[in-house]
> 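Right, I'll just put the structure down here and ask away after.
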There are 2 protein chains.
Amino acid sequence: MDGPADDTDPSPRRAPVTLRTIAELAGVHVTTVSRVLAPPAQAVRTSSPETAQRIREIAADLGYRPDPHGRALRTNRSHLVGVLVPRLADLVLATVYEGVEDAAGRAGYSTFVTNSQDDVARRADRTDMLLARRVDGVVLGDAPVDGSSLGLLVERGVPYALVSRRAPGHPSVTCDDLAGGRLAAEHLLALGHRDVAVVAGEPYTSTGLDRTGGFLAAFAEAGHPVPDHRVRRSGFDVRGGREAAEALLSTGPLPTAVFAVNDFAAIGVMGAVRDRGLTPGREVSVVGFNDVPLAAELPVALTTVRSPMHEMGRRGFALLLAQIEGRPWSSELLDPELVARASTGPAQR
Amino acid sequence: MDGPADDTDPSPRRAPVTLRTIAELAGVHVTTVSRVLAPPAQAVRTSSPETAQRIREIAADLGYRPDPHGRALRTNRSHLVGVLVPRLADLVLATVYEGVEDAAGRAGYSTFVTNSQDDVARRADRTDMLLARRVDGVVLGDAPVDGSSLGLLVERGVPYALVSRRAPGHPSVTCDDLAGGRLAAEHLLALGHRDVAVVAGEPYTSTGLDRTGGFLAAFAEAGHPVPDHRVRRSGFDVRGGREAAEALLSTGPLPTAVFAVNDFAAIGVMGAVRDRGLTPGREVSVVGFNDVPLAAELPVALTTVRSPMHEMGRRGFALLLAQIEGRPWSSELLDPELVARASTGPAQR
DNA sequence: GCGCAGTGCACAAACGATTGGGCGGAGTCG
DNA sequence: CGACTCCGCCCAATCGTTTGTGCACTGCGC
């Protein structure tokens, strides 16, 4: 269709502008240029105002951008961070990543993001790739709750921060999922629901565990413990939610409400509910988690617990940066918020 | 919660292993090591089998990974490519990106991905950032159909490839969207639909334009031209589809079918249909585009035109790589495929 | 007039990898 | 036995940046 570029190459990748280019034009040594152009913070041995001004003008004219490889080689700082997520096609993690990238960009860092697919071998492989790229640190959005898989990083002394999923003893920024589970429970309790079921997510994730845990604790404390057979593990996607819901809805009496630990799983639950000729929010209430934009737009708008996904990403990067720069830091727990919509209503019996 | 790391730093980021480390252990010069470890393709001036073997063993033992910065500095090749997408939180582009990353990884490249938000200023800013990082090329998933915004790349002589959206005269790998629009039209025509509407996407994208164009052409050729007021631009997300559908459904007689150029927009259309007390697939048929995984899982499974998103990403990278390596290349058009589901049925009057 | 401090630069050595060139030694051939 | 070839390896320069140190000059105080 287009064919190879003809050989009268229009722009032969013109010679890059380096410190030396500028130094020659300004009639000074590269050292001087380097010092002038360095961030003001470390401005020792400064030049005369006129020289500095002249150098800055030339640099701006030529559109000088320091070569990150030269810099990295010399300083042993790549200004690169790796980001590991289960799947980028998962809207939740994609949003978290946007937050990471946002904060990283502001701090002069670039990010590599890659999918681990929640697979042990692949995670190791991708981590290895990131380290080979000499990243300054790693943001992990896919950590299993037992903290396994962190060994390689710890061993190499590479800073890391967990986001979305936490693991005890490791730096993390997560949503307060226990509190979030409770919010969902309190909402359903207030609506009169006593006989409920939980689509609990993957048991190796703190998100699944904590949200389920908070929910169950609140029901137990209210005097309505949820029996084990009403709790079922699931994937975090639509199919996972649907499958779990089908199992939960087909055994014994119908629960009056279902809590799914993820919005997409909740969408799957609604599908299963509808398949049985029922309407979400009437015969069976459904609560999700995360409040993805889609949730508000569904035919039956989804009641859900909003988690600050973007914010988690931003703070996760900040936590990582604090470690990289040797500043004090601490893990964070961000507040969830209940958003009541049409998919929940008074318990019907 | 965790506090700063205590000062008995467990692993002081142990000294990295370089060519010199290996050379000293093997009792040879770094040059020799470098040549032994270079990809076999350029194996000139090779060493004796014994030396090579010894070097390779030491390298493997020490887990040597060449420093990409040193290499980039010397070779002027960073093995880095940039990827620009409108939004990573858009499942379609996230999937395309997975394809790019997949192919890039196999070829020894790493990728920076970043959101342009379809905003001119932001796109320029992000492109600039990518160039500052010295990428070897750029994959563009957000190109406007008029090819504007490509100036900076052309001017700098940086190779690029368009994916998902094409622009005449620029290298691209896209779905044959014209054919895809026709597929949707033929499906509806076969079901007896004559009075249809189109949710057309953004007019600055080839995806919106071509899918709409193919659809309209097929209806016109069948003798049932679609009047202008039945075609409405829209965003590519649920909200955009819903808004466009509300406008289309509220003027004049109800169309018997709606074609949305994107699955999420189609979900919005289904929401609007339902809001009017109608059922998708009965009173109003709905066709989407892309076949995202969610489409099959919806309460009313969505009829849609499948586009090879992952494949587009992989081939897009291959197209870029061919340019980087100076091999011949050409743009590609991948075949779409109709997937009929419950959201379409015979025309009802 | 001399010493001294301070200013404004320059010099040079790294960081890790690649690569053209050179140099001994062994093998080949006449 | 000498010349030539080729093998196997080393030398040194280079990419662009940062940074510790040194040097010349100015101006000041005594």
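Just so you know, these numbers come straight off a predicted model, no measurement behind them. Chain identifiers are assigned alphabetically (A, B, ...) following the order of the sequence lines, protein sequences preceding nucleic acid strands; residue numbering begins at 1 within each chain.
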> What about R35(B), does its side chain sit under 3.5 Å from the base of dG20(C) through a donor-acceptor pair?
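Present.
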
> List the atom pairs, donor and acceptor, that lie under 3.5 Å between side-chain atoms in residues 53-61 of chain A and the rest of the protein, sequence neighbours left out.
{"unit_1": "Q53(A)", "atom_1": "NE2", "unit_2": "E57(A)", "atom_2": "OE2", "d": "3.1"}
{"unit_1": "R54(A)", "atom_1": "NH1", "unit_2": "A26(A)", "atom_2": "O", "d": "2.5"}

> Grab the CD-P distance between E50(A) and dG8(C) for me, whole Å please.
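E50(A) atom CD is separated from dG8(C) atom P by 8 Å.
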
> So what's the dot-bracket for DNA chain C: Watson-Crick or G-U pairs under 3.5 Å, [ ] if a pair crosses, | if it pairs off-strand?
||||||||||||||||||||||||||||||

> Quick one: salt bridge (Lys or Arg N to Asp or Glu O under 4.0 Å) partners of D67(A), sequence neighbours excluded?
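D67(A): salt bridge (Lys or Arg N to Asp or Glu O under 4.0 Å) contacts with R134(B).
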
> Excluding sequence neighbours, so at least two apart, what forms side chain to side chain contact (heavy atoms under 4.5 Å, CB included) with P86(B)?
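Side chain to side chain contact (heavy atoms under 4.5 Å, CB included) list for P86(B), sorted by chain: L93(B), D118(B), D142(B), R165(B).
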
> With heavy atoms under 4.0 Å as the rule, sort T75(B) into base, sugar-phosphate or nothing.
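Answer is sugar-phosphate: T75(B) comes under 4.0 Å of backbone atoms only.
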
> Which residues in residues 18-31 of chain A have at least one heavy atom lying under 4.0 Å from any atom of DNA chain D?
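Result for residues 18-31 of chain A: T18(A), L19(A), T31(A), sorted by number.
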
> If I take atom CG in residue L37(B) and atom P in nucleotide dC9(D), what distance separates them, rounded to the nearest angstrom?
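Whole-Å distance recorded here is 14 Å.
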
> Respond yes when some side-chain nitrogen or oxygen of T51(B) is under 4.0 Å from OP1 or OP2 of dG8(D), and no when none is.
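Indeed not, no polar side-chain atom of T51(B) lies that close.
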
> Grab the CG-C1' distance between N76(A) and dA14(C) for me, whole Å please.
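N76(A) atom CG is separated from dA14(C) atom C1' by 12 Å.
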
> Mind listing the closest non-hydrogen atom pair of A167(A) and V145(A) along with its distance?
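Shortest heavy-atom separation between A167(A) and V145(A) comes out as CB-O, 3.6 Å.
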
> Specify whether Y109(B) and H79(B) have parallel, tilted or perpendicular ring planes, treating 30° as the upper limit for parallel and 60° as the lower limit for perpendicular.
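Aromatic pair Y109(B)/H79(B) classed tilted.
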
> By nearest nucleotide on DNA chain D, pick out whichever of R54(B) and L73(B) is the more 5' one.
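Its nucleotide being nearer the 5' end, the pick is R54(B).
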
> Between D67(B) (CG) and dG16(C) (C1'), how many Å, whole number?
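Distance check: D67(B) CG to dG16(C) C1' gives 6 Å.
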
> Quick one: ring pair (Phe, Tyr, Trp, His ring centres under 6.0 Å) partners of F112(A), sequence neighbours excluded?
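F112(A) satisfies ring pair (Phe, Tyr, Trp, His ring centres under 6.0 Å) with F112(B) once adjacent residues are dropped.
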
> Which residues satisfy the ring pair (Phe, Tyr, Trp, His ring centres under 6.0 Å) test with H310(A), sequence neighbours excluded?
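Per chain and number, H310(A) pairs via ring pair (Phe, Tyr, Trp, His ring centres under 6.0 Å) with no residue.
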
> Measure NE2/H69(B) against C1'/dT17(D) and give the value in whole Å, please.
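Value for this atom pair: 13 Å.
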
> Rounded to whole angstroms, how far apart are CZ on R77(A) and P on dG16(C)?
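After rounding, the gap between these two atoms is 15 Å.
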
> Round to the nearest Å and state the distance from I55(B) atom CD1 to dG8(D) atom C1'.
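My rounded result for the distance is 11 Å.
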
> What pairs with S34(A) under side chain to side chain donor-acceptor pair (under 3.5 Å), at least two apart in sequence or on another chain?
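Side chain to side chain donor-acceptor pair (under 3.5 Å) list for S34(A), sorted by chain: empty.
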
> Identify, with sequence neighbours excluded, every residue that meets salt bridge (Lys or Arg N to Asp or Glu O under 4.0 Å) alongside D128(A).
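D128(A): salt bridge (Lys or Arg N to Asp or Glu O under 4.0 Å) contacts with R65(B).
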
